[in-house]
Amino acid sequence: MSHALNQVNTADTISPSSPAAQPEAEFQSTGDISGPEPEAITLARRKIRSESMSEQLSERLAHMKLPQPERLFGPDEGEIIDLDDLDGDDGDAGVAPDAWDKIKLDDEVPESVRTGRMTHSRNASRVDSASISRPPPILEASEQPEKAKPVEAAREQKITPFDVAGEVDAAGKDLGINYDKITAQFGASKISSELLERFEKVTGQRPHPLLRRGTFFSHRDLNTILDRYEQGKPFYLYTGRGPSSDSMHLGHLIPFMFTAWLQRVFNVPLVIQITDDEKYLLERDIKKQAETMKKIKGKKPIDLLRHYQRMATDNIKDIIACGFLLEKTYIFQDTQAMGGTFYQNVVLFAKTVTLNQSKNVFGFGDSDNIGMYHFAAIQACPSFSNSFPQIFGDRTDIPCLIPCAIDQDPYFLLTRDAADKLGYQKPCLVHSKFLPALQGAGTKMSASNENTAIFMTDDAKKIHKKIRSHAFSGGRATQEEHKRLGGDPDVDIAYQYLSFFEDSDEVMEGLARDYRAGTLSTVEMKDTCIKKLQEVVAEFQKNRAEVTDETVKQFQDATRTIDPSPRKTA
Ligand code: TRP
């Protein structure tokens, strides 16, 4: 192409301020804005080509109010979110508990889809929105999770896919997440012991420790899935991950291990969405983004997008190592796989959601980019079976079960409503709690802090060291005191991590009993946990070593047909 045009295209020429003047921001400086070219820029380009009016050009550019460099990458997040300002008229702060009753999904159906020609029943969907519209029920103290004293929360918790903040008391003390409250607020149901019994009866499988011990604690329509399994009717599993760091830790992979287990129990197809697009669009932390750009020596937005695409590929290998059945699993990366009937569904979905709903449900504001608003459609549509013609042909009547963390629920609340409007099946869900970091309940595993989590690349020695020196202990300060007063397994991280994997209830109960009695020491508890984690991680690493680029290709092959029929031997 024309040399002159290329020159004009370089970031330096079009940047509002000379990069030389701000070496810090050099990597951010770019003129590569995608989308239609404003007429003023076209004019400017012509001018510069004539190479006679560069002075005038910079004048003009200065008057064009071009976005500041960071705004080319994402929304301006200069504003600080005021948690107290949850009055609902400013979407920035996410769904405040009492703002949920303002979200009336059904009342806001865009005219275009309010045709009444759909054959579906809207009633079921009302159940959801109705339970949201009601003020959250006041929970009796006895219903509060774990021996919680009924503490007054001075600041309510806030849960959206982008912000998770627990309750805070009047003194500013973190009270953590109240899961019973979320379930009630979201209009979901707690997983009861009756439901677990039914699960066991129908599948002939003992529920996974993560189900039995309440990490997966809440659901929507799990009974529907069990009905179908009982009747031999097809359904599938859907889950996903936003690629966010090169090295995945136990917290990232536990949900996938659980999903792999579910897939084996049900022997059904599974689709896994890798949302590289989401990570690009929704990175609201400008500082973090700038750091990433610096690290990858990125110059243009597309360099950042490519970074997330690369991470997606790495993450897929780790995910595969969790043990999915190749012949029943399709893994796809959004920026590569979007098209066909999947995109068709994205279009259908997008028309069912108004800007207001998206603002209310996700807490977006007017300065958020339009991709964020639209992304809900991308995460929603794998819930519809005809998005995957290689598995389900054009059938739209096959529901899915989505295992996900509770913060992802708002996406699927919209999806369930849209499913009704579109005459599709509503997705069913099982929700998990957030997994605590080594430092204890209420702390977060962080990919950038080595000592907060067990990474899947850690060797046996490292696991030993991390648990021994960083796992929060429910034991007493001295051995003597521990023997006399006993420890608290409920807050003990070693005990908790062990409970994710140890299948035997007897073993767990024994450990808890002896710990409380003071006859089992902290070191003994930790060493039991270490042994288990070493096994789990070693098995993962063995699987991971066998995952080649070729394996990844096979899992990602959209042309590979998958047999959707249930209950065939693997
Ligand atoms: N948004 C999720 C994340 O950030 C990724 C995701 C996409 C997902 N589709 C999903 C998670 C379905 C659970 C279920 O990690």
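All ligand and atom numbering here is 1-based and tracks the order in the structure.
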Visitor: Which ligand 1 atoms, with their elements, are less than 4.0 angstrom from a heavy-atom of Cys404?
Guide: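 Atoms satisfying the 4.0 Å criterion: 13 (C), 14 (C).
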Visitor: Could you check, using the six-membered ring where one of them is a Trp, whether Tyr236 and Phe392 have ring centers closer than 6.0 angstrom?
Guide: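 Yes; Phe392 has its ring centre under 6.0 Å from that of Tyr236.
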Visitor: Is it the side chain (CB and beyond), the backbone, both or neither of Thr239 that lies under 4.0 Å from ligand 1, heavy atoms counted?
Guide: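 Looking at Thr239 and ligand 1, atoms from backbone and side chain both fall under 4.0 Å.
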Visitor: Where does Gln379 meet ligand 1, judged by heavy-atom distances below 4.0 Å: at the side chain, the backbone, both, or neither?
Guide: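 Side chain only; the backbone of Gln379 stays clear of ligand 1.
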Visitor: Out of all atoms in ligand 1, which are within 4.0 Å of some heavy atom of Thr275? Include the element for each.
Guide: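 It comes down to these atoms of ligand 1: 5 (C), 7 (C).
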Visitor: Tell me which part of Phe375 gets within contact of ligand 1: side chain, backbone, both or neither, using heavy atoms under 4.0 Å.
Guide: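 For Phe375, there is no contact with ligand 1 at all, from either part.
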Visitor: Is there a donor in the side chain of Thr354 and an acceptor in the side chain of Asn356, or the other way round, less than 3.5 Å apart?
Guide: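 Thr354 vs Asn356: no donor-acceptor pair found between side chains.
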Visitor: Would Glu278 count as being in polar contact with ligand 1, using the rule that some N or O on each side must be under 3.5 angstrom apart?
Guide: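 N/O-N/O distance below 3.5 Å exists for this pair.
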Visitor: Run the ring pair (Phe, Tyr, Trp, His ring centres under 6.0 Å) test on Phe384 and Phe342 for me, step by step, so that the C-alpha distance in whole Å, both residues' side-chain angles and the decisive distance to 0.1 Å come before the verdict.
Guide: CA-CA 9 Å; Phe384 305 139; Phe342 188 154; 9.6 Å; no
Visitor: Looking at Phe388 versus Phe332, is the centre-to-centre ring distance below 6.0 Å?
Guide: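 Ring centres of Phe332 and Phe388 closer than 6.0 Å.
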Visitor: Go through ligand 1 atom by atom and flag the ones less than 4.0 Å from a non-hydrogen atom of Ile402.
Guide: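 In order of numbering, the contacting atoms are 14 (C).
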Visitor: Need the ligand 1 atom indices (1-based, order shown) with element for anything under 4.0 Å from a heavy-atom of Arg241.
Guide: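 Contacts of ligand 1 toward Arg241, numbered from 1: 5 (C), 6 (C), 15 (O).
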Visitor: Do Lys279 and Tyr308 form a cation-pi contact, if we require the NZ or CZ to be under 6.0 Å from the six-membered ring centre and within 45 degrees of the ring's axis?
Guide: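 No - Lys279 does not lie over the ring of Tyr308 by the 6.0 Å and 45° rule.
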